[in-house]
2 protein chains.
Amino acid sequence: MPLSHAQVVDAARAILVRDGLEGLSMRRVASALEVQPGALYHHVPDKQTLLAAVADRILAGVDEPLGRWRPAVEAWAASLREVLLAHRDSAELVATARGFRLSRHDTTRHPATLLAAAGLPPEAARGAASALLYFVLGHCAEEQARQDWERFHPPGPATDADDGFELGVGLLLDGVAARAGNLE
Amino acid sequence: MPLSHAQVVDAARAILVRDGLEGLSMRRVASALEVQPGALYHHVPDKQTLLAAVADRILAGVDEPLGRWRPAVEAWAASLREVLLAHRDSAELVATARGFRLSRHDTTRHPATLLAAAGLPPEAARGAASALLYFVLGHCAEEQARQDWERFHPPGPATDADDGFELGVGLLLDGVAARAGNLE
DNA sequence: ACCTGAACACCGTTCAAGT
DNA sequence: ACCTGAACACCGTTCAAGT
């Protein structure tokens with residue numbers, strides 16, 4: 001039975017979760033699938049595209065809640081964070097993959113829609129959704145870098161990551177509320 | 001005349017600006033200095049530490065403006081963006097180097113001080129400063145990824161990056177204003 | 001102390017040859 | 001079409017040996 005594209009992406013995702021981003025090499029994906037490295041290139045054009053596919057697969061698990069704009073956006077942000085924290089190093093992976101411009105997944109589409117419904121002009125809604133995404137990625141990358149660090153080093157001083165997360169989202173949404181016409 | 005730590009960091013920074021982050025290898029730094037790769041390890045323990053030193057050197061150029069909190073924080077954010085945009089791929093470099101936890105530079109110290117003076121409790125001031133940093137890094141990483149892309153591909157649809165930047169900073173600072181006691 | 005020369009254990013990617 | 005085997009052009013890092 002020949003290898004499929006989905007199997008390659010899945011194997012890569014499994015290695016990411018087990019060994020982290022720095023352990024995710026084409027050769028290790030190949031060896032996990034018991035295949036020669038060159039065989040991967042029948043299913044994926046290069047490593048960048050494979051990483052983008054892994055990022056898309058992870059992001060596919062993010063909820064797209066509806067309802068009153070503020071709780072819905074807060075739930076979206078919380079779901080994004082939850083999905084990222086469930087996959088080691090995925091915040092950095094997603095940030096990196098965004099740079100390649102090879103993603104199919106449009107991460108900001110849903111929050112931008114919610115913010116436009118709140119009364120923000122389309123341009124501002126997209127901008128605010130991007131700002132939210134940057135904050136969540138930056139915050140989760142920091143959390144995951146700390147987790148990676150503490151795999152091999154003694155834990156540093158405890159910090160409440162949840163509080164910091166809610167603060168950042170809250171500040172941005174307060175800013176939105178101040179500018180949005182429709183406060184329902 | 002023997003090589004110095006500063007020369008190694010400078011050579012690395014020059015290669016970053018010319019060739020980008022993916023072109024920045026220990027072997028290229030060595031060959032720019034007309035030295036064998038192994039020679040670098042007398043001045044730097046490993047590549048991660050070198051990257052962190054380059055990031056610190058770049059961030060040393062960021063202004064630390066004083067005065068009324070809101071214009072001062074806006075000026076800090078604008079200066080950070082300016083410094084990042086002047087060094088190819090530096091937003092991604094700084095984000096990556098932060099993950100190593102090898103930096104001497106405390107990027108959020110100054111804005112956190114300004115925000116505390118604005119009336120935010122110390123914990124919230126640090127959180128808001130981090131949120132600002134995440135936004136600036138994310139926004140600049142996106143700008144620089146686009147610049148890298150357009151080195152070899154036709155330009156995509158024009159977007160106004162300045163507007164997006166001011167929007168993000170404005171949303172966060174509106175949120176701060178809503179929570180800060182001292183509005184001077 | 002500082003550097004060379006050479007090696008070690010890896011990378012991503014390509015490609016003729018086989019089935 | 002799909003994979004193997006083998007190669008190519010790179011990596012980061014280490015270390016005996018020289019000065």
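So that the names make sense, note that chain A is the first sequence line, chain B the second, and so on, each numbered from 1. The shown structure was predicted, so the numbers you read here are calculated from the model rather than taken from an experiment.
Atom pair B:H5:NE2 and C:dA1:C1' shows a separation of 17 Å (rounding to whole Å applied). Straight-line distance from the CG atom of A:L24 to the C1' atom of C:dG12: 12 Å, rounded to whole Å. For B:R27 and C:dA9, the CZ to C1' distance is 12 Å, given to the nearest whole Å. Here the C1' atom of nucleotide C:dT13 and the CG atom of A:L50 are 14 Å apart, to the nearest Å. Here C:dG12 presents its C1' atom at 13 Å from CZ of A:F100, a figure rounded to the nearest Å. Distance CD (B:Q7) to C1' (C:dC2): 13 Å, rounded to an integer number of Å. For B:E22 and C:dG12, the CD to P distance is 14 Å, given to the nearest whole Å.
Nearest nucleotide to the side chain of B:D46, out of C:dG12, D:dT13, C:dC2: D:dT13. Of the candidate nucleotides D:dG12, C:dC11, D:dC2, D:dG12 has the atom nearest to the side chain of B:M26. In this structure, of C:dC3, D:dC3, D:dG12, it is C:dC3 that holds the atom nearest to the side chain of B:L3.
Ring geometry for B:H139 versus A:Y134: interplanar angle over 60°, hence perpendicular rather than tilted (30 to 60°). Taking the six-membered ring for Trp and thresholds of 30 and 60 degrees, A:W149 and A:H153 have nearly parallel ring planes, at less than 30 degrees apart.
Between A:E74 and A:R70, at least one side-chain N (NZ, or NE/NH1/NH2) sits under 4.0 Å from a carboxylate O, which counts as a salt bridge. At a threshold of 4.0 Å, the pair B:R101-A:D148 does not count as salt-bridged, since none of the basic side-chain nitrogens sits closer than that to a carboxylate oxygen.
The side chain of A:H43 contributes no N or O atom lying less than 4.0 Å from OP1 or OP2 of D:dA1. Residue A:R28 has a polar side-chain atom (N or O) positioned under 4.0 Å from OP1 or OP2 of C:dC11.
Stem analysis of DNA chain D (Watson-Crick or G-U pairs, both distances under 3.5 Å, runs of at least three) returns C:4-8 with D:12-16, C:12-16 with D:4-8.
Here the CG-CG distance, from B:L102 to B:L51, works out to 9.5 Å after rounding to the nearest 0.5 Å. Annotation: the span from B:R13 atom CZ to B:I15 atom CD1 amounts to 12.5 Å, rounded to 0.5 Å.
A heavy-atom distance below 4.0 Å to DNA chain C is reached by these residues of residues 34-41 of chain A, ordered by number: A:P37, A:G38, A:Y41.
The residue among A:H42 and B:H42 whose nearest nucleotide of DNA chain C lies closer to the 5′ end is B:H42.
Screening A:L137, A:T107, A:L173, A:V176 against A:L132 for a side chain to side chain contact (heavy atoms under 4.5 Å, CB included) leaves a single residue, A:L173.
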| request: Any chance you could lay out the side chain to side chain contact (heavy atoms under 4.5 Å, CB included) test for B:I58 and B:L93, step after step, and finish with the verdict? | output: CA-CA 10 Å; B:I58 290 171; B:L93 170 70; 4.2 Å; yes
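Take B:A141 and apply the side-chain contact (heavy atoms from CB on, under 4.5 Å) test, not counting sequence neighbours, and it matches B:A91.
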